[in-house]
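Following: one structure in structure tokens, then a few remarks.
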Amino acid sequence: MAATLCGKFLLRQGWLPLAHCVRHGSKAVTRHRKPMHFLKQKIMAVTEYIPPKPLPSQRRVAPRVKPNLEENGLFVLLKKEVEAMFQECKMITVVHNSAMTAEDMLLLRHRLRKHGLTIRFFPNVVMRAYLAGSQYSNLEPLFIGQTVLIVSKEPKVKEMLQTLRSTPQMVLMGARIENALLSQQGLLSYSKLPSLATVQGQVVSGLTLQTSQTAAMLQRHPAQLSALLQQYLKQKAEEAAPGATEGGPKAEATAAV
């Protein structure tokens, strides 16, 4: 109440406050950055610091050259064994060994031997040296790390896959079967094919069926013609027989008279 009365009294007496808050508009900015003189620009461009480029490492410039391996007696002997293996065996499978123990490897050998499959070990250097100059050079990238070869003189893919199914440490990578290179999927498709004996039996049965049908068709018309001729002769004989029996008694009666 006292504040309202004091406010009305001061307004009536014409009192003004000592300080007024006056709001002015914003002033125009007059300090613009002046463009640099072209001579100074040239001097700054010429004197600009350009750091030196880092030198390439010596390893990139000069790559490490692999030393040429000398083919000693053992190397040549192993290479000849690999060549003989590729000539004798129709199935050569490349399998990656991922930390398989010696006991598991021995058990796997026994299980594969029951189906006529053999495990062979050769150094990767020897295998790559042989494959580089052969027609199976596409198998060369598979020989990295611990690799094992499962070979047999006859293709036995289904038996091999059934044996390897219980050993996840052995990873199938590829194979050569009868001069044909197959991948893992190709081996699975090859295992689903019927055996050679089954295919030969199907071919022989199909050929014999066709020949028997052909022979039956060729013999059908002559047999039918002979049956018709026999029937015609039988009918002719039956027609001639009654006439002969009738003419016999009449002739005898006339002769008696």
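- Tracing side-chain contacts under 4.5 Å through hydrophobic residues (I, L, V, M, F, W, Y), one never reaches L139 starting from L182; they form parts of separate clusters.
- The shortest side-chain heavy-atom distance between L164 and I150 falls under the 4.5 Å cut-off.
- Under the 4.5 Å side-chain criterion, counting only non-hydrogen atoms from C-beta, L117 is not in contact with T93.
- R128 places a side-chain N or O within donor-acceptor distance of the main-chain N or O of F143, the cut-off being under 3.5 Å.
- Between Y130 atom OH and K80 atom NZ the span is 13.5 Å, to the nearest 0.5 Å.
- Using modelled atom types, one side-chain atom of N124 and one backbone atom of G145 make a donor-acceptor pair closer than 3.5 Å.
- By the 4.5 Å heavy-atom criterion applied to side chains, L229 and S226 are not counted as neighbours.
- Environment of CD in E178: crowded, with over 12 heavy atoms of neighbouring residues, nucleotides or ligands closer than 6.0 Å.
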Pair V95, V171 - check side chain to side chain contact (heavy atoms under 4.5 Å, CB included), show working. CA-CA 6 Å; V95 182; V171 182; 5.6 Å; no

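- In this structure, CD in Q87 is found 11.0 Å from CE in M85, a value given to the nearest 0.5 Å.
- What you find for G116 and S152 is that their closest heavy atoms are O-CB, 3.7 Å.
- A donor-acceptor distance shorter than 3.5 angstrom exists from the side chain of S98 to the backbone of Q169, with no hydrogens or angles considered.
- Taken from CD in E239 to NZ in K234, the straight-line distance is 13.0 Å, to the nearest 0.5 Å.
- Looking at heavy atoms from C-beta onward, R111 lies in side-chain contact with S166 at the 4.5 angstrom threshold.
- Under the 30°/60° scheme for interplanar angles, the aromatic rings of Y136 and F86 are found to lie parallel.
- Linking Ile, Leu, Val, Met, Phe, Trp and Tyr whenever their side-chain heavy atoms come within less than 4.5 Å puts L108 and L172 in one cluster.
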message: Is there a side chain to side chain contact (heavy atoms under 4.5 Å, CB included) between M91 and R176? Walk through the geometry before answering.
response: CA-CA 6 Å; M91 187 184 79; R176 191 271 292 184; over 6 Å; no

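- Remark: S191 OG to E159 CD distance equals 10.0 Å, nearest 0.5 Å.
- Residues D104 and T167 have side chains that never bring a donor and an acceptor to within less than 3.5 angstrom of each other.
- Residues V46 and M36 do not share a hydrophobic cluster, clusters being chains of Ile/Leu/Val/Met/Phe/Trp/Tyr side chains in contact below 4.5 Å.
- In terms of heavy atoms, N138 sits closest to P141 at O-CD, 3.3 Å.
- Cluster membership for L187 and L142, using ILVMFWY side-chain heavy atoms within less than 4.5 angstrom, is not shared.
- Separating the CZ atom in F121 from the CG atom in N97 is a distance of 7.0 Å, to the nearest 0.5 Å.
- Closest approach of T47 to I43, counting heavy atoms only: OG1-O, 2.6 Å.
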So V148 and V94, side chain to side chain contact (heavy atoms under 4.5 Å, CB included) or not? Walk me through it.
-> CA-CA 6 Å; V148 179; V94 184; over 6 Å; no

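- In this structure a side-chain-to-backbone donor-acceptor pair under 3.5 Å is missing from K153 to K90.
- Of the N and O atoms on the side chains of T118 and R109, not one donor lies less than 3.5 Å from an acceptor on the other residue.
- The closest side-chain heavy-atom distance from F75 to P123 is not below 4.5 Å.
- Under the 4.5 Å side-chain contact rule for hydrophobic residues, F122 and L181 share a cluster.
- H37 places a side-chain N or O within 3.5 Å of a backbone atom of L39 that can act as its donor or acceptor partner.
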Quiz item: Stepwise, does the side chain to side chain contact (heavy atoms under 4.5 Å, CB included) test hold for L149 with M127?
Solution: CA-CA 11 Å; L149 298 178; M127 294 299 302; 4.0 Å; yes

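- Annotation: the span from M170 atom CE to L112 atom CG amounts to 8.0 Å, rounded to 0.5 Å.
- No side-chain donor-acceptor contact under 3.5 Å links S137 to the backbone of G133.
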